[in-house]
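Reviewing the structure listed below.
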Amino acid sequence: MTSNIRYKSRIPVKTEDSMEEKQYVGFATLPNQVHRKSVKKGFDFTLMVAGESGMGKSTLVNSLFLTDLYKDRKLLNAEERINQTVEIIKHTVDIEEKGVKLKLTIVDTPGFGDAVNNNECWKPITDYIDQQFEQYFRDESGLNRKNIQDNRVHCCLYFIPPFGHGLRPVDVEFMKALHEKVNIIPLIAKADCLTPNEIKKLKDRIREEIDKFGIKVYQFPECDSDEDEEFKQLDKELKECTPFAVIGSNTVVEARGQRVRGRLYPWGIVEVENQSHCDFVKLRNMLIRSHMHDLKDVTCDVHYENYRAQCIQEMTSKLAQDNRMESPIPILPLSTPDVETEKLIKMKDEELKRMQEMLNKMQQQMHDKEQ
Amino acid sequence: MAATDANEDKRNLELGGHVGFDSLPDQLVSKSVAAGFCFNILCVGETGIGKSTLMNTLFNTTFENEEAGHFESVVQLLPQMYDLQESNVKLKLTVVHTVGFGDQINKESSYKPILDYVDAQFERYLEEELKIKRYLLNYHDTRIHICLYFIAPTGHSLKSLDLVTMKKLDSKVNIIPVIAKADTVSKSELDKLKIKIMSELVSNGVQIYQFPTEDEAVAEINSSMNAHLPFAVVGSADDVKVGNKMVKARLYPWGSVQVENENHCDFVKLREMLLRVNMEDLRDQTHARHYELYRRCKLEEMGFKDTDPDSQSFSLQETYEAKRKEFIVELQRKEEEMRQLFVNKVKETEAELKEKEKELHERFEQLKRLHQDEKKNLEEKRRELEEEMNSFNRRKVAAETLMGQALQGCSQQPFKKDKDKKNFFSLPSACSLTSGRNLN
């Protein structure tokens, strides 16, 4: 995968030619300055993993970030899970690579889809996401904005079980409840139980059903037209490969003379990082190496702005309802009156006009009579 | 008159030579083979978990099965019957699949259709057994002999739905749990998973089918197999070339999983246990244990007892008669009740109607009176008016006569001076004026 780190910290060299041909201003170093500053500031990323119990979510997260996030986990028995409710658990780690610091938050959703009655089991998750948006909204509108903590969820990996023929009702409902709040990336979990043909069939089926149900999953941005052909080809392949069929592993095995992350079976060894075995590498590159920032941007520019606009609209309509005549110093300016109130006003105006006319007529009549 | 036993104790006699009744089992076998066997399998598991594929692999054939979708709103059971033959043994196989199991968001009533189906088969058999004229020999036995419960290999433990369903079914059918799609579980994980599943089943009191260990011929193999439960199976309908043989396997980029390789999965064990060793025992258990339990519960529900309070055994016939009489009495009583109810209602309605009639009558009377009063008033007013008119007429006549008299008086007088002319002319005009005014 071509590296997308194009701007390395280097000082541009002025050549003699440039001094004679054109005056060198120097703002070409801007990308480098941005790079330096961002390295100093550090990055943060919040990733949510959702799916039924036993899909391999924790294993995949461990494989992705090459750490062991879930040390002492308590797994519930089947009996205890009959009436389980969904919890939200956050794990935060600080990891560093080549001087770049990343504060990684993994939001786990144990209990999703595990109970016998899973009605609205995604509600705690949507509430959590809304809460984070609300908190950021409040911080943003506050007076002291120096240290805003961004806890908004940037990406949600949804694990689809490979044992079925496609999406199940609970998958569809979950994704529809969340697709306008967070970037959803659907994954086919435990892909080592599917032969290559079956994987292809399942992917096609899932893509079809996502279109059919109108689920808006995260779309990779179109690459610029001035990118090189190789990059464009890779990008196209990436887009055709969704949803990614992934395998995760917590163990390191010996394969072909190397020590790799993999799963040992009596009939062979599945290597997690082998592109012909699964799409793990593609997922990792997409998630971490090329599109992490784009995920953050889409969250800020699209999902958060949608939430904010909706919030403000609700607030102004409430204000309009509460006090029609005069409101005390409004916190936010009333930009446009509600459609509803406008209609009411119009109706009342018409009524008034009618009454006025009738009054005039009656006065006229009386006048005539007197004469 | 009942026969008396010659001697109360049973004696063992020694045979002097070969009699030949040791061929009895063979006679039984040839009879059963001629009649053909019946076997009914119920496959319970999520959509897409591999039920049809496993059946195809087990029986080495292709049963036609449509791929089901995930969006069924209720669980349905689809039975399909096949006639198979191997050497000279005929088998009527019924395979029942659950369609839509585990797909709904609310799975609280997912187990009900399965339970209802199993009970329905028992009911059918019971009805046949209780008939007066019955054909048990030719009866096609549809009772479920074995339920294969497919557990999804999530790697941790049973799902809550699995536990609930197995608990409901364990007293009705023989359950053998299998771990489906076992090629996704590595060996170490598999051992842990099996132990976890069995412990969960035991701790929740789920009774799965145990292979019988009484018969010495099969005791050893059965007890060792019992330790391997639940079987981790892989199914495949495709033939793959491995080495120089064509075997049933699944081909992956990292290797091929051979279905009949005991190191790869427990398919061979399942086939052995299910088909080759314990099939007859499964049928036996279904009839002797599960069906008898069902029958007992059902008949007790209907009110039958084996012994009455005096410890004398009832015959079915007497109980039937007693029940029928009870029923008829009950029916009559209900009829009486309904009739009474009806009569009461009619009486009530009649009373209501009568009251209403009275009311109407009263109102009519009232109105009539009012009418009459008004009429009287009007009459009075008319009379008054007439009187006024009369008095006015009289006054008019009086006034006219007065005028006439005045006129006559004027004409009889001689011509007076001219100053009287004025009066002469003014008087009639005055009269006419007044008369005119009066008329006005």
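All chains are named by letter (A, B, ...) in the order of the sequence lines, taking the proteins before the strands, and each is independently numbered beginning at 1. The shown structure was predicted, so the numbers you read here are calculated from the model rather than taken from an experiment.
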State the [atom1]-[atom2] distance between [X] and [Y], to the nearest 0.5 angstrom.
X: A:N119; Y: B:I105; atom1: CG; atom2: CD1; value: 6.5 Å
X: B:K107; Y: A:N118; atom1: NZ; atom2: CG; value: 5.0 Å
X: B:L161; Y: A:N117; atom1: CG; atom2: CG; value: 11.5 Å

Heavy-atom pairs under 4.5 Å with chain B are the metric here; pick the option from [options] that has the most.
options: A:D114, A:L167, A:V170; answer: A:L167
options: A:E120, A:E271, A:E173, A:R263; answer: A:R263
options: A:P266, A:G268, A:P169; answer: A:P169

Under 3.5 Å, is there a donor-acceptor pair between the side chain of [X] and the main chain of [Y]?
X: A:Y265; Y: B:V257; value: no
X: A:R168; Y: B:G102; value: no
X: B:H156; Y: A:S53; value: no
X: B:K187; Y: A:L264; value: no
X: A:T195; Y: B:L251; value: no

Closest approach of [X] and [Y], non-hydrogen atoms and distance?
X: B:S160; Y: A:A115; result: OG-C, 3.7 Å
X: A:I269; Y: B:W254; result: O-CB, 3.3 Å
X: A:E52; Y: B:K159; result: OE1-NZ, 3.3 Å
X: B:P153; Y: A:K190; result: O-NZ, 3.4 Å
X: B:K181; Y: A:C193; result: CD-SG, 4.4 Å

Is chain A contacted by the side chain of [X], its backbone, both, or neither, given a heavy-atom distance below 4.5 Å?
X: B:D103; answer: both
X: B:S256; answer: backbone
X: B:V185; answer: backbone
X: B:K196; answer: side chain
X: B:E189; answer: side chain
X: B:E200; answer: side chain

Given the side-chain rings of B:F150 and A:F163, with only the six-membered ring counted for Trp, is the space between their centroids under 6.0 Å?
no

Best-contacting candidate, B:Q258, B:Q104, B:H70, against chain A by heavy atom pairs under 4.5 angstrom
B:H70

Among B:S110, B:S186, B:A182, B:G255, which residue has the highest count of heavy-atom pairs closer than 4.5 Å to chain A?
B:S186

Do other residues, nucleotides or ligands put more than 12 heavy atoms under 6.0 Å from the [atom1] atom of [X]?
X: B:E220; atom1: CD; result: no
X: B:M81; atom1: CE; result: no
X: A:Q258; atom1: CD; result: no

Interface moiety of A:P162 toward chain B, non-hydrogen atoms closer than 4.5 Å
backbone

Is the shortest heavy-atom distance from the side chain of A:V172 to the side chain of B:F71 under 4.5 Å?
yes

Heavy-atom side-chain proximity of A:W267 to B:D183 below 4.5 angstrom:
yes

